[in-house]
Asker: 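Below is the structure I would like to discuss, written out as structure tokens.
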Amino acid sequence: MKRRLARPRGTRDFLPGAMAKRRFAELRFRNVAERWGYGEIATPAFEPLDLFTIKSGEAIKDEIYSFTDRGGRALALRPELTAPVMRVYANELQSAPKPLKFYYFGDCFRYERPQSGRYRQFWQFGVELIGSERPEADAEVIALAQHMLRSLGLEAKIHVGSLDVLRAVFCELDDETCALAMRLIDKGDFDRLQELPHGDTAISIIEAPDPLSEAQSVASIDHLLQVLELLDTLAIAYDVDFGIARGLEYYTGIVFEAYAHDLGAQNQVLGGGAYRLAHLFGGDDVPATGFGIGFDRIMRAVTVHGEEPPRIIVVPTKDARIYALGIADELRAHVSTDVDVMGRTVRAQLTYANSASFDFAVIIGKSEMQTSKLTLRNLRTGEQESLCVQEIIDRVLSYT
RNA sequence: GCCGAGGUGGGGUAGCAUGGUAAUCCUAUGGCCCUGUGGAGGCCACGACGCGGGUUCGAAUCUCGCCCUCGGCCCCA
């Protein structure tokens with residue numbers, strides 16, 4: 001066997017069919033974001049390694065693609081996009097008028113064990129609203145998240161919680177125990193959580209029929225209540241869920257997630273919250289709210305199929321090959337058009353047209369060249385008619 | 001890093017606990033039968049034992065290590 005280069009572990013190739021689906025979803029997301037007044041932002045594929053260790057701690061070095069360049073700089077392929085966006089803010093946008101609203105779509109890289117819905121190169125679509133910590137800002141971002149999912153026909157309810165409550169419950173504990181508690185909650189491991197101090201309190205709040213009133217007894221949840229009221233106004237369906245832990249210390253209050261069913265262990269398709277990060281990167285202590293959508297997981301959860309536009313193949317006889325190129329050019333100005341590049345006979349060209357699922361063949365031979373009336377063959381029905389180029393274009397474009 | 005299940009032409013497979021033909025069949029692809037009309041059929045071509053070591057006269061088959069895929073754990077910014 002020939003020597004073959006394998007695709008790097010945890011990466012994927014996307015063939016045209018898959019890409020059409022991905023582009024379709026991407027376009028929907030972009031349209032929604034733009035209609036909500038968010039502008040696209042793009043950042044480098046690699047950044048200083050520090051950008052990510054400052055945000056997430058030294059431990060993430062193990063899960064990151066990092067390298068030293070020839071100038072001795074410690075760099076990393078981006079494992080996520082929130083930190084880069086906040087770096088941009090800290091670098092050059094601190095005095096821009098607030099709020100700032102950005103969306104992004106890009107690939108990220110993590111050095112992890114690949115498994116279902118988890119790859120080493122994966123795509124994130126996300127949104128950041130920078131400059132406000134008011135309930136209106138949080139509600140807008142959550143509503144936007146819901147509209148994004150809806151744009152692909154996903155009616156996943158967004159789970160909304162507040163870290164204020166869990167933090168109030170565990171405030172007396174040392175950092176380590178508190179972090180453990182957060183992790184157990186995130187995993188839903190209530191058995192082990194129960195053994196921690198105040199674990200039972202947390203469980204009773206999370207599992208209460210009316211978690212809001214339970215939570216009210218341990219912390220002020222006015223902000224959350226206001227957000228929820230706004231979501232009601234915006235007709236956004238949500239579940240109050242104080243079991244959303246997101247243990248990272250930069251989250252400031254509201255947190256939310258969305259899940260897709262039947263996706264196995266990696267079923268979280270969206271996650272976000274209110275946070276403060278810019279000051280870690282040398283900026284001011286600006287508040288922000290954002291979320292990231294796991295694009296690849298969304299693609300597994302959703303079935304999208306764009307309308308396939310009609311496709312023409314120009315089928316010339318041997319004598320008409322040159323002439324046919326000119327015709328193809330005219331057709332291409334309006335319709336997807338192919339011409340044979342294999343030197344095939346008419347019969348073989350039509351065989352190919354059939355197996356490649358073309359909709360129409362434009363057959364051109366001596367008689368067509370003389371009369372300028374081309375033969376349009378509907379490959380589905382076998383019907384043929386004699387038409388000029390413009391008539392062909394009209395006929396094909398009106399075909400559904 | 002850990003546990004489990006798997007890797008045979010481009011895709012799908014037979015063969016493997018009982019080592020032994022130049023590795024089976026389907027499909028796809030290219031060509032021909034068929035010099036201007038497709039979908040069928042026939043013929044031809046193409047093309048694989050994940051990689052490396054060991055045992056053996058002989059390994060797809062037994063054995064060891066590694067790689068990769070899938071499901072799960074850890075982690076999840």
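All heavy atoms count here, side chains included; hydrogens, waters and symmetry mates do not. Chain letters run A, B, ... following the sequence lines, proteins first, then strands; residues in each count from 1.
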Asker: Is there a chain of hydrophobic side chains (I, L, V, M, F, W, Y, each step under 4.5 Å between heavy atoms) that links L163(A) to L280(A)?
Answerer: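 In one cluster with L163(A): L280(A), yes.
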
Asker: Applying ring pair (Phe, Tyr, Trp, His ring centres under 6.0 Å) to F105(A) and F29(A), what does each step give before you reach the verdict?
Answerer: CA-CA 9 Å; F105(A) 177 64; F29(A) 285 165; 8.0 Å; no

Asker: What's the gap between C26(B) and C73(B) when it is taken at their C1' atoms, as a whole Å value?
Answerer: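 About 39 Å, rounded to a whole number of Å.
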
Asker: So which of residues 43-66 of chain A are in contact with RNA chain B, with a heavy-atom cut-off of under 4.0 Å?
Answerer: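 Heavy-atom contacts with RNA chain B come from K55(A), S56(A), I60(A), E63(A).
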
Asker: Round to a whole Å and report the spacing from CG of D189(A) to P of C73(B).
Answerer: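 One finds 12 Å between P of C73(B) and CG of D189(A), rounded.
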
Asker: Between A22(B) and C62(B), how many Å separate the two C1' atoms, rounded to a whole number?
Answerer: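 About 23 Å, rounded to a whole number of Å.
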
Asker: Please give, in whole Å, the distance from G38(B) P to L376(A) CG?
Answerer: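 The answer, rounded to whole Å, is 17 Å.
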
Asker: Can you name the nearest heavy-atom pair linking A168(A) to A219(A), along with the distance?
Answerer: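 Minimum heavy-atom separation between A168(A) and A219(A): CB-CB, 3.8 Å.
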
Asker: Provide, to the nearest angstrom, the distance between the NZ atom belonging to K187(A) and the C1' atom belonging to C75(B).
Answerer: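 Checked: the NZ to C1' distance equals 10 Å.
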
Asker: By the rule that syn is within 90° of 0, classify the base conformation of A28(B) as syn or anti.
Answerer: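 Because its glycosidic torsion lies more than 90° from 0, A28(B) adopts the anti conformation.
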
Asker: Do you know the tightest heavy-atom contact between Q124(A) and L81(A)?
Answerer: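 Looks like OE1-N, 3.9 Å.
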
Asker: Give none if U55(B) has no partner; otherwise give the nucleotide forming a Watson-Crick or G-U wobble pair with it, both distances under 3.5 Å.
Answerer: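 Because no pair has both required distances under 3.5 Å, U55(B) counts as unpaired.
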
Asker: Tell me the closest heavy-atom pair linking R167(A) and Y251(A), and the distance in Å.
Answerer: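 Where R167(A) meets Y251(A) most closely, the heavy atoms are NH1-O, 2.8 Å.
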
Asker: Is there a side-chain polar atom (N or O) of T351(A) under 4.0 Å from OP1 or OP2 of G39(B)?
Answerer: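 No, no such contact exists.
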
Asker: If C34(B) has a Watson-Crick or G-U wobble mate with both distances under 3.5 Å, name it; if not, just say none.
Answerer: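 No nucleotide pairs with C34(B).
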
Asker: Restricting to non-hydrogen atoms, name the atom on F281(A) and the atom on A83(A) that form the minimum distance, rounded to 0.1 Å.
Answerer: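 In terms of heavy atoms, the two residues are closest at CE1-O, 3.6 Å.
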
Asker: May I have the list of side-chain donor-acceptor pairs in residues 130-146 of chain A shorter than 3.5 Å, sequence neighbours left out?
Answerer:
residue: S132(A); atom: OG; partner: R134(A); partner atom: N; Å: 3.1
residue: E133(A); atom: OE1; partner: R276(A); partner atom: NH2; Å: 2.7
residue: E133(A); atom: OE2; partner: R276(A); partner atom: NH2; Å: 3.4
residue: R134(A); atom: NE; partner: E136(A); partner atom: OE1; Å: 3.3
residue: R134(A); atom: NH2; partner: E136(A); partner atom: OE2; Å: 2.9
residue: D138(A); atom: OD1; partner: T289(A); partner atom: OG1; Å: 2.6
residue: D138(A); atom: OD2; partner: H223(A); partner atom: NE2; Å: 2.7
residue: E140(A); atom: OE2; partner: Y38(A); partner atom: OH; Å: 2.7
residue: E140(A); atom: OE2; partner: K101(A); partner atom: NZ; Å: 3.0
residue: Q146(A); atom: NE2; partner: A156(A); partner atom: O; Å: 3.0

Asker: Once you round it to whole Å, what is the distance between P of G11(B) and CG of L15(A)?
Answerer: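 That distance rounds to 12 Å.
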
Asker: Strictly below 4.0 Å, N to O, side chains only: are E391(A) and K373(A) in salt-bridge contact?
Answerer: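 Yes, this pair counts.
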
Asker: Taking all atoms of both residues into account, what is the closest heavy-atom pair of F67(A) and L77(A), and its distance?
Answerer: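 In this case the closest contact between F67(A) and L77(A) is CE2-CD2, 4.4 Å.
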
Asker: Could you check whether the rings of F256(A) and F291(A) sit parallel, tilted or perpendicular, using 30° and 60° as the cut-offs?
Answerer: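 It falls in the perpendicular class, over 60°.
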
Asker: Send over the distance from E112(A) CD to G72(B) P, rounded to a whole Å.
Answerer: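 Interatomic distance, CD of E112(A) to P of G72(B): 14 Å.
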
Asker: For a side chain to side chain donor-acceptor pair (under 3.5 Å) check, start with the C-alpha distance between T351(A) and N354(A), then their side-chain angles and the critical distance, and finish with the verdict.
Answerer: CA-CA 5 Å; T351(A) 301; N354(A) 180 245; over 6 Å; no

Asker: Between G31(B) and C70(B), how far apart are the C1' atoms? Round to whole Å, please.
Answerer: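 The same atom, C1', in both gives a distance of 38 Å.
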
Asker: Quote, to the nearest angstrom, the C1' distance that separates U13(B) from G9(B).
Answerer: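 Between the two C1' atoms, the distance is 11 Å.
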
Asker: On a whole-Å scale, what distance lies between the C1' atoms belonging to G65(B) and G58(B)?
Answerer: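 Going atom to atom, C1' in each nucleotide, I get 23 Å.
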
Asker: Nearest whole Å is fine: how far is C76(B) C1' from Y251(A) OH?
Answerer: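 Taking OH of Y251(A) and C1' of C76(B), I get 11 Å after rounding.
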
Asker: Got a list of side-chain donor-acceptor pairs under 3.5 Å for residues 184-200 of chain A, not counting sequence neighbours?
Answerer:
residue: D189(A); atom: OD1; partner: R192(A); partner atom: N; Å: 3.3
residue: H198(A); atom: NE2; partner: E172(A); partner atom: OE1; Å: 3.3

Asker: I'd like the P distance from G1(B) over to G15(B), given in whole Å.
Answerer: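 Each nucleotide's P atom is 34 Å from the other's.
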
Asker: Tell me the partner of A17(B), counting only Watson-Crick (N1-N3 plus N6-O4 or O6-N4) or G-U wobble (N1-O2 and O6-N3) with both under 3.5 Å; none if nothing fits.
Answerer: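 Base partner found: none.
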
Asker: Under 3.5 Å for both donor-acceptor distances, Watson-Crick or wobble: does C70(B) have a partner, and if so which one?
Answerer: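 With both distances under 3.5 Å, C70(B) matches G4(B).
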
Asker: How far does the C1' atom of A28(B) sit from the matching atom of G47(B), given to the nearest Å?
Answerer: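 One C1' to the other, the span is 11 Å.
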
Asker: Got a list of protein N/O to nucleotides 65-69 of chain B N/O distances below 3.5 Å?
Answerer:
residue: C68(B); atom: OP2; partner: R9(A); partner atom: NH1; Å: 3.4
residue: U69(B); atom: OP1; partner: G10(A); partner atom: N; Å: 3.1
residue: U69(B); atom: OP2; partner: R9(A); partner atom: NE; Å: 2.5

Asker: Does G39(B) have a Watson-Crick or wobble partner in any strand here, with both distances under 3.5 angstrom, and which is it?
Answerer: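 Base partner found: none.
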
Asker: Measuring only the P atom in each nucleotide, how far is C49(B) from C2(B)? A whole number of Å is fine.
Answerer: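 Straight-line distance between the two P atoms is 29 Å.
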
Asker: Should U24(B) form a Watson-Crick or G-U wobble pair with both distances under 3.5 Å, which nucleotide is its partner?
Answerer: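 Base partner found: none.
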
Asker: Check side chain to side chain donor-acceptor pair (under 3.5 Å) between R73(A) and all other residues, then give those that pass, not counting sequence neighbours.
Answerer: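 D69(A).
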
Asker: Separation of Q115(A) atom CD from G4(B) atom C1', in whole Å?
Answerer: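 Value for this atom pair: 13 Å.
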
Asker: When you check every protein heavy atom under 4.0 Å of nucleotides 27-37 of chain B, what one-letter string (B, S, -) results, 5' to 3'?
Answerer: ---SS--B-BB

Asker: C74(B) C1' sits how many Å from R110(A) CZ, rounded?
Answerer: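 It is 15 Å, rounded to the nearest whole Å.
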
